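Written below as structure tokens is the structure these notes are about.
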Amino acid sequence: MKNIRKILVCILAALFLFGVVAGCSKEGGETPVTPGSENLAPATPGAWEGGTHEIYVEEGSADFISNGRSDYVIVIPDECGDLVETAASEISVLIYEASGITLDVVTDAALPNTNYISVGNTQAAASAGVSISGDIAARLDDNGVYVQTKDDNVYIMGTTDTGTLYAAYTWLEYQLGFEVYGADEVVIATDVRDMKLNEMNIIDAPDIQYMQSTYGFTDYNTTLRQRMRITDNTIWLTIGNSPWHNSFKYVDPDIYRSLHPEWYSEDGTQLCYTAHGDSASLTEMAELVAERIESEIIAQDRSYVTITMEDTSTWCTCADCTALNQQYGTDAVSVIRFCNQVSALIDEWFATPEGTPYERDLKIVFFAYHATEPAPVTYDEATDTYAPIDDTVLCADNVGILYAPILATYQKDFYDEYNAPYYTALRGWETITDNIYMWTYSTGFHYYLVPTNTYNSMQANYRLWAEVGAEWLLDQSQYNSIQSTGFCALKLYLNAKLHWNVNYDMEELIDKFFTNYFGPAATTMRRYFDELRSHFLFMEETMDYVGYQGIEPLEQRYWPATLLERWISYCDQAEEDLAALAEEDPTAYAMYLENVQLESLSPRYLLLDLWGNRFSESELTALRNQFRNDCNALEVNRYAEKQAITELWSSWGI
């Protein structure tokens, strides 16, 4: 069966490559696509059955906008946080964009006798008997949304200020068709003169509570990040200047290694979480780490902290660490026990007069990464179940893992046989802890300008993360490049949508993205994207182009010059598709043109870098200079994770 599948994939891919099969996208066009309830149902087999997505929306009878006027105001609490103010501001700004009407933002104390949109925990909401409590609050967690229409007023809130901001965007989605595809690619109803207030009762929460920003698109643009309901690092206590790879921030070798050499691995690259078998010394190290966390708890109002290894694949090889590895089959045991010990110390501090004011549900998280990736479990093949090897390897109730299987391939989902070790490890960790956080990978970190195929695996993986109860996801990509090619903007949009509801119809999402991100050029750009996906399958099946994110892509056999030239011609055709828009709507034209040009960079780079011998020396120099100018204009500032784009110019001699 596998061979038959391989033949079919190769035939289909070949047909794509030679242009026999047309792109399978729906017709593009200029009409914006607005979201609707049809996207809320599971679309494909294997859909996750959990999640909270209760959405009731129908047109009401009250006039929200009538003859270009509205009697509504926006009300916020007399005292509220910045994000609640942002939510009210966004509602006001986006209603203005849709209708030209400016709704006043007032506080409870200044609320006039008129209809209103309540944002946050207002006195107006309390007086109307609208609040989040009990079962609803538990199901919404930190980022879920509650929207209710009652007596011709609107109540928008979350259990947190972040949830309230996301609830504002939810209301705008179902009242005005608000949808975000990029920084400028915002869809909303326009020229609204008359509109009824929709009746809504919405209880909606993300399937994966936190989606961490991992693209420059959102790292460098707070408004876009918030509108896409993507978070930043601010849920994590920072130790030093980062929440990641921070073990030496707790136990600085420059300060402690001469005093406590037993706290460090024999090669000095990691901590030793057994203190080379010295239990009294290990307790002293745990106390040092706990005290540092306690000081940061006082300074930072956050509820998640990591104790994470240095960013190497090494581990301590002392006799005690080696013995644990031999007994349990993983190096994770010592760090589990250490984090449990630190957790107990912090719990003791919370019970003291000093610590009680800062008591919280603190989660302590360590990396399941490289040496600590396998879980200390046994497997029963007859029942297909895993069990902890013994009770000493169970995480405390508030201790969890940040699972980062860096050597998995994200070209394929975790159900694929290629990823069997990583799927097995994840299932094992489910028996060790209830607190699972995912760190995955979706780019080639040595080659930002080369596309990475994670489109085909993304939905199945996100469903798996939801199934195991992952609370947080960092799908790491080009975080330090202001703009990225290789359809990374599409990946960002899919990150945003699928983390919220892993059962969205992914192909429909892709259709909507192309329609609204490329406008009149959507059909042509979709043809390019479909061929790219097909070509990836072709390479996987015939050239073994599959592996972890460090795969080496720069070989001519992977990227035939004629194929690259055809993809470049699609981008040229897409620019022609936009030409009529230049006079009709210069702003939209410039936006769509920039998006097309951004996606042209990847095939142009591959052609110029791999097939420079197809051009004369003067032609090649001119094309490379034009490529450099376009990268600068489009703000593509990185060639790789650790290389600025200027290093590419140096290698090209320009």
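Just so it is clear, the model here is predicted, and its values are computed rather than measured.
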Tell me the closest heavy-atom pair linking [X] and [Y], and the distance in Å.
X      : Y      : result
Tyr264 : Val251 : OH-O, 3.0 Å
Pro553 : Ile551 : CD-O, 3.1 Å
Gln212 : Trp236 : OE1-NE1, 4.4 Å
Leu449 : Ser602 : O-OG, 2.9 Å
Asn221 : Ala183 : ND2-CB, 3.6 Å
Asp609 : Leu648 : OD1-CD1, 4.4 Å

Check: [X]/[Y] side-chain N/O donor and acceptor closer than 3.5 Å:
X      : Y      : value
Ser265 : Gln270 : no
Arg533 : Asn456 : yes
Arg638 : Thr646 : no
Gln483 : Asn637 : no
Asp361 : Ser303 : no
Gln459 : Tyr504 : no
Tyr462 : Asp475 : yes
Tyr448 : Asn480 : yes
Thr283 : Gln341 : yes
Asp301 : Tyr358 : no
Tyr215 : Gln476 : no
Thr454 : Ser442 : no
Thr392 : Arg337 : yes

Item to complete: Could you walk me through whether Leu362 and Ile293 pass the side-chain contact (heavy atoms from CB on, under 4.5 Å) test, one step at a time?
Response: CA-CA 10 Å; Leu362 181 72; Ile293 293 174; 4.2 Å; yes
Please determine whether a side-chain nitrogen of the Lys or Arg among [X] and [Y] lies less than 4.0 Å from a carboxylate oxygen of the Asp or Glu.
X      : Y      : result
Arg139 : Asp141 : no
Asp232 : Arg225 : yes
Arg292 : Glu296 : yes
Arg427 : Glu467 : no

Measure the spacing between [atom1] of [X] and [atom2] of [Y] and express it to the nearest 0.5 Å.
X      : Y      : atom1 : atom2 : value
Phe217 : Leu224 : CZ    : CG    : 9.0 Å
Ile235 : Thr162 : CD1   : OG1   : 10.0 Å
Glu635 : Ile645 : CD    : CD1   : 13.0 Å

Worksheet item: With a distance cut-off below 6.0 Å to the six-membered ring centre and an angular limit of 45° from the axis, does Lys642 pair with Phe445 as a cation-pi contact?
Response: no
Worksheet entry | For Asn419, all residues meeting side chain to side chain contact (heavy atoms under 4.5 Å, CB included), sequence neighbours excluded | Ala408, Thr409, Lys412, Phe414, Tyr422
Practice prompt. Sequence neighbours left out, what passes side chain to side chain contact (heavy atoms under 4.5 Å, CB included) with Thr274? Give chain and number order.
Written response: Cys272, Cys318, Asp320, Cys321, Leu324, Ser334
Discussion item. Does any part of the side chain of Asn143, heavy atoms only, come nearer than 4.5 Å to the side chain of Arg229, both counted from C-beta?
Written reply: no
Worksheet item: Between the main-chain N or O of Trp349 and the side-chain N or O of Glu294, is there a donor-acceptor pair closer than 3.5 Å?
Response: no
Worksheet item: Hey, does the side chain of Asn503 reach the backbone of Trp48 with a donor-acceptor pair shorter than 3.5 angstrom?
Response: yes
Worksheet item: Hey, which of Asp347, Leu345, Asn340 is the one that makes side chain to side chain contact (heavy atoms under 4.5 Å, CB included) with Ser343?
Response: Asp347
Fill in: Option passing side chain to side chain contact (heavy atoms under 4.5 Å, CB included) with Met438 (candidates Leu426, Ile208, Leu474, Leu402)
Leu426
Would you say the ring centers of [X] and [Y] fall short of 6.0 Å from each other?
X      : Y      : value
Tyr545 : Tyr558 : yes
Phe367 : Trp439 : yes
Tyr273 : Trp315 : yes

Practice prompt. Describe, in one word, how the ring planes of Tyr447 and Tyr639 are oriented to each other, choosing from parallel (under 30°), tilted (30 to 60°) and perpendicular (over 60°).
Written response: perpendicular
Discussion item. Would you call the rings of Trp263 and Tyr256 parallel, tilted or perpendicular, taking 30° and 60° as the class edges?
Written reply: tilted
Worksheet item: Should Val365 and Val305 be marked as a side-chain contact (heavy atoms from CB on, under 4.5 Å) after you check the CA-CA gap, both sets of side-chain angles, and the distance that decides it?
Response: CA-CA 6 Å; Val365 183; Val305 66; over 6 Å; no
Item to complete: Sequence neighbours left out, what passes ring pair (Phe, Tyr, Trp, His ring centres under 6.0 Å) with Tyr386? Give chain and number order.
Response: Tyr379
Worksheet item: Only one of Thr372, Thr317, Asn325 forms a side chain to side chain donor-acceptor pair (under 3.5 Å) with Asp331, so which one is it?
Response: Asn325
Practice prompt. Kindly check if the number of other-residue, nucleotide or ligand heavy atoms within 6.0 Å of CG (Asn632) is above 12?
Written response: yes
Worksheet item: So with a 6.0 Å cut-off around CG of Asp267, is the heavy-atom count from everything else above 12?
Response: yes
Fill in: Audit row: Arg227, Thr222, side chain to side chain donor-acceptor pair (under 3.5 Å) steps and yes/no
CA-CA 9 Å; Arg227 287 178 172 181; Thr222 299; over 6 Å; no
Discussion item. Given Tyr455, which partner from the list Phe487, Phe529, Phe513 fulfils the ring pair (Phe, Tyr, Trp, His ring centres under 6.0 Å) test?
Written reply: Phe529
